[in-house]
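Computed from a predicted model, the values in this text were never measured in an experiment. Each chain gets a letter, A, B and so on, in the order the sequences are listed, and its residues count up from 1.
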Amino acid sequence: MDHLSNLEAESIQIFREVAATFERPVMMYSIGKDSSVLLHLARKAFYPSIPPFPLLHIDTSWKFREMIAFRDQIEKSLGIRVLIHRNEEALSQGISVFTHGSAVHTDQLKTVALRQALDKFNFDCAIGGARRDEERSRAKERIMSFRSQHHRWDPKRQRPELWHLYNTRINPGESVRAFPMSNWTELDIWQYIRRENIPVVSLYYAKERPTVERDGQILMVDDDRFPLNPGEKPVMRMVRFRTLGCYPLTAAVESDAATIDDIVQETLSARTSERAGRLIDYDKPGSMEQKKIEGYF
Amino acid sequence: MQQVTLDTKRSLLRFLTCGSVDDGKSTLIGRLLYDAQLIFEDQLRGITIESQRKLGDEAALDLSLLVDGLQAEREQGITIDVAYRFFSTAKRRFIVADTPGHEQYTRNMATGASTADLAVLLVDARKGLLVQTHRHSCIASLLGIRHVVLAVNKMDLVGYDEKVFRTIEAQYREFAKQLNFTSITAIPMSALLGDNVFKHSNNMSWYQGLTFMTFLEDVDVGDTKIDGPFRMPVQWVNRPHQDFRGFSGTVVGGSVRVGDSVSIQPTGTTAVVQQIVQFDVSPDVAKKGDAVTIVLDREVDVSRGNVICSVAHPTSNVERFEAHLLWMTELPVQPGRQFLCKLGTVTVPAVITRITSKIDVNTFTQIPTDRLEMNEIGVVVVQLETKVAHDIYDNNRDMGGFILIDRTTNDTLAAGMILRDVVQVQNITWHHMDIDKSARANLKGQKPAVLWLTGLSGSGKSTIANLIERALWSEGKHTYILDGDNIRHGLSSDLGFKAEDRIENIRRVSEVSRLMTDAGMLIIVSLISPYQSERERARRTIGDEFIEVYIDTPLEECERRDPKGLYKRARAGEIRGMTGVDSPYEPPTLPEIHVKTMENTPEKSAMLIVAWLRSNGFLQNH
């Protein structure tokens with residue numbers, strides 16, 4: 001069996017364990033390429049049934065507009081329910097990355113919002129598309145990752161996880177984050193997208209886009225909420241995104257890769273990791289781990 | 001960054017690094033990635049800054065920081081949990097599990113080893129083989145890893161001395177003779193400086209073998225995935241609408257074709273495969289590793305936990321098996337403890353009925369024991385509540401590996417590998433309480449019972465009770481004597497000797513006996529208990545564990561012995577209600593044991609009673 005089919009089968013087995021052993025699972029859907037692959041794998045795992053769980057999108061209100069359009073179109077074309085949750089309280093207080101910085105933004109609009117949604121719908125398992133090759137603390141995480149009643153991750157007390165035997169048992173109030181794509185790499189994702197012809201948001205493909213450059217990072221001016229510095233003017237650049245999050249926190253890369261083949265080729269020769277474009281990872285050393293302990297995905 | 005090709009057909013090697021703490025496991029992986037130019041620039045920038053902060057040296061670069069991803073790990077400079085790194089070269093794709101060396105975190109090493117095909121065992125050249133070197137070797141061998149790289153590290157600190165390397169290599173080969181490895185490759189290296197990791201060392205011209213990287217790229221781990229007969233544990237019943245009912249699962253052994261007859265275990269029914277469904281295709285055949293949905297030709301009762309398998313070679317399904325067990329939690333385990341056992345797609349209540357031995361990791365010999373401490377590996381007997389389809393671990397890892405889960409906290413406590421089935425010798429009753437009577441009794445290696453010694457005052461009950469207790473105690477049984485006189489000093493000190501007081505006294509003793517049998521104990525009651533009806537009531541209260549023992553001594557003999565002078569006083573009219581004098585004694589009509597003391601010494605009587613217990617299965621070791 002080739003490598004991609006191997007990864008696919010491993011992910012499908014994890015999906016089925018989740019569906020069979022949890023009462024109220026949900027699949028996190030963040031609209032990016034990993035979510036697209038995750039959704040594709042879920043559809044394969046349960047075919048001819050549709051995936052026996054809803055999707056959940058934590059909407060910070062700062063996602064790229066193309067992402068939201070893509071989400072709405074997927075929901076319509078696949079007939080899968082997408083739940084959307086926002087931390088309305090924080091939004092009504094005007095919390096945003098521009099006024100409060102990336103740490104508060106991420107905590108309130110992503111971590112807290114996620115905890116709110118899980119509590120509101122009483123989900124006992126949240127399936128996510130995180131991969132171990134993304135970041136050092138992710139490389140340490142189990143495929144079935146236990147969370148306390150307060151959604152906290154205790155990296156020093158993870159359950160042993162042998163073979164493909166997943167301990168999915170929890171007590172009331174506790175939950176599990178399941179990561180079917182733990183062993184995929186960025187390159188696997190793109191090769192699989194190409195092989196399976198999976199639709200992804202157009203932002204991954206290079207195009208002329210209005211951008212500004214700050215601290216060596218290229219940011220896209222996606223709407224008029226982006227506060228320009230005095231004298232700063234958006235410049236049209238040929239860019240694409242390797243990873244997608246909130247537009248003020250996601251840096252673009254200059255690229256001519258306009259097709260899937262171009263992207264695979266570019267990924268092969270990349271000299272920086274995809275998370276280099278994720279500004280929240282640089283808040284402080286070990287910041288991803290801290291966010292995860294607090295309940296971030 | 002090194003350029004890699006687009007080929008998705010390159011083989012995959014899954015390996016782990018293990019060995020004792022500070023042997024340089026994380027540094028070795030960091031060095032390998034660094035020298036092979038497989039580290040992203042931003043990640044390298046990140047660890048460069050951290051290294052300088054940590055070591056206070058501008059030029060310092062601590063490569064272990066690449067894999068030690070947890071804050072606690074970087075602060076303490078140790079590895080706590082397994083980290084997975086993914087890298088590719090032109091020849092191969094790799095998934096490496098970098099596992100911790102501390103004994104405390106052995107469970108995380110086992111986690112990393114369970115999916116690996118090859119183990120890289122690090123040894124500090126200055127220290128040689130340590131307990132953890134041996135322990136990790138044992139675990140790797142038991143989990144089924146067949147290929148080992150003995151990475152003799154820190155050669156720079158022993159002056160690149162060939163003798164040091166050869167000695168360690170020879171010692172390890174000697175030790176590993178008892179393990180199930182098919183290949184051992186020893187490589188002298190310095191992970192810190194890069195000798196023989198990616199590049200050949202100029203400091204060890206005496207070493208002509210492969211570098212670590214070249215070895216990893218070239219090693220043939222053979223077909224670790226033995227095919228064997230067809231097995232597919234059912235994970236999920238796929239029923240989108242009334243016209244479709246399929247069974248979803250991953251093939252973990254052999255293959256199956258449309259039209260093949262298959263057996264459903266553990267029920268034993270058979271059916272024919274009508275269709276194999278995947279997302280966009282309906283293949284004719286499903287092979288090991290494929291995630292599929294199987295449609296059968298007839299309506300059979302199949303649910304999650306069943307295994308669809310070969311008719312010619314079905315799985316075993318007995319409830320009891322012997323297994324290697326790696327105990328992974330702080331509190332030690334003893335027989336009698338109940339768990340949930342997850343095996344394949346089944347989770348069932350289970351109990352460890354026996355712990356036979358543990359493995360001395362330094363000599364790989366078995367030491368008899370009845371308990372396992374954290375990180376010890378033992379041979380145990382596991383009894384499942386119901387029949388579960390399974391195989392021997394060495395024949396099929398997915399069908400023979402299991403985990404034990406705590407019923408209260410849901411923690412994963414142990415990992416097991418089935419060695420062989422144990423044919424049932426007796427039916428063990430099952431109770432659904434978390435810890436019940438049989439669990440407590442099993443913990444003590446006994447079966448609860450109440451020996452109810454009835455007989456006249458002076459018949460020899462207390463003497464015989466003491467002798468029974470001594471005999472049982474010498475066999476390691478947990479016993480307790482409820483003696484009539486002693487009870488009256490405490491629990492029944494408010495009672496006299498009127499009929500209703502005697503009845504209440506017996507009721508109290510019965511209830512206490514019942515509690516004690518529930519606690520798993522062997523109770524010896526020594527009580528005149530003169531009334532047949534009251535003894536019958538005690539039997540009803542206590543249940544099956546009630547064993548009536550008639551200590552039969554004629555009244556004349558009791559009066560002759562009169563150890564407490566009671567008969568004399570009763571005859572003199574000083575006390576009233578003396579059984580046998582002015583109060584009746586109703587001898588048992590059908591006692592379980594009838595002991596005639598005129599024909600047997602007290603020792604012989606006690607021996608007869610113990611013999612009765614033994615022949616009726618109360619003293620069997622489980």
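- Among the candidates Asn171(A), Asp188(A), Thr21(A), Thr185(A), the residue making the largest number of heavy-atom pairs closer than 4.5 Å to chain B is Asn171(A).
- When every heavy atom of Pro240(B) is checked against every heavy atom of Pro48(A), the shortest pair comes out as CG-CG, 3.8 Å.
- If you take CZ on Phe86(B) and CG on Leu187(A), they are separated by 13.0 Å, rounding to the nearest 0.5 Å.
- Asp411(B) touches chain A through backbone and side chain together, each having a heavy atom under 4.5 Å away.
- Residues Tyr84(B) and Ser182(A) form no side-chain contact, since every pair of their non-hydrogen atoms from C-beta on lies 4.5 Å or further apart.
- Note: Arg159(A) CZ to Ile405(B) CD1 = 7.5 Å, rounded to the nearest 0.5 Å.
- Each of Gln235(B), Met328(B), His241(B) has some count of heavy-atom pairs under 4.5 Å with chain A, and the biggest count is that of Gln235(B).
- Using a 4.5 Å cut-off between heavy atoms, Phe244(B) touches chain A through its side chain atoms alone.
- Put simply, of Val292(B), Asp81(B), Thr115(B), Asp98(B), the one with the most heavy-atom pairs under 4.5 Å next to chain A is Asp81(B).
- For Arg239(B), the part lying near chain A is the backbone, with the side chain staying farther off; criterion is any non-hydrogen pair under 4.5 Å.
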Please assess Thr111(B) against Gln158(A) for the test side-chain contact (heavy atoms from CB on, under 4.5 Å), listing each intermediate value before the final yes or no. CA-CA 11 Å; Thr111(B) 294; Gln158(A) 299 198 83; over 6 Å; no

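- Most heavy-atom pairs under 4.5 Å with chain B, from the set Leu165(A), Asp133(A), Ile50(A), Ile170(A): that is Leu165(A).
- Counting heavy atoms of neighbouring residues, nucleotides and ligands inside a 6.0 Å radius, atom CG of Asp154(A) exceeds 12 of them.
- No side-chain heavy atom of Glu8(A) sits under 4.5 Å from any side-chain heavy atom of Asp290(B).
- Contact of Arg195(A) with chain B is not made at all, since no heavy-atom distance falls under 4.5 Å.
- Dense packing is recorded around CZ of Arg24(A), with more than 12 heavy atoms of other residues, nucleotides or ligands lying under 6.0 Å away.
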Under the side-chain contact (heavy atoms from CB on, under 4.5 Å) criterion, do Thr293(B) and Arg16(A) qualify, and how do the steps go? CA-CA 11 Å; Thr293(B) 296; Arg16(A) 288 169 173 171; 3.5 Å; yes

List the steps, then state whether side-chain contact (heavy atoms from CB on, under 4.5 Å) holds for Thr345(B) with Glu17(A). CA-CA 8 Å; Thr345(B) 57; Glu17(A) 280 301 286; 3.9 Å; yes

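- Heavy atoms of Arg304(B) lying under 4.5 Å from chain A belong exclusively to its side chain.
- The two residues Trp163(A) and Met417(B) come nearest to each other via the heavy atoms CZ2-CG, 4.0 Å.
- When heavy atoms are compared at a cutoff of 4.5 Å, Thr329(B) does not approach chain A at all.
- When each of Ala20(A), Ser5(A), Ala45(A) is checked for heavy-atom pairs under 4.5 Å with chain B, Ala20(A) comes out on top.
- Atom CG of residue Leu12(B) and atom CG of residue Asn6(A) lie 7.0 Å apart, to the nearest 0.5 angstrom.
- Tested against Asn167(A), the residues Asp406(B), Thr347(B), Thr412(B), Asn410(B) include a single side-chain hydrogen bond (donor to acceptor under 3.5 Å, both in side chains) partner, Thr412(B).
- Closest of all the heavy-atom pairs between Lys140(A) and Ala83(B) is CE-CB, 3.5 Å.
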Starting from the C-alpha separation in whole Å, work towards a yes-or-no answer on side-chain contact (heavy atoms from CB on, under 4.5 Å) for Tyr47(A) and Val277(B). CA-CA 8 Å; Tyr47(A) 180 85; Val277(B) 180; 3.8 Å; yes

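- No part of Leu413(B) comes within reach of chain A, as not one of its non-hydrogen atoms sits under 4.5 angstrom from that chain.
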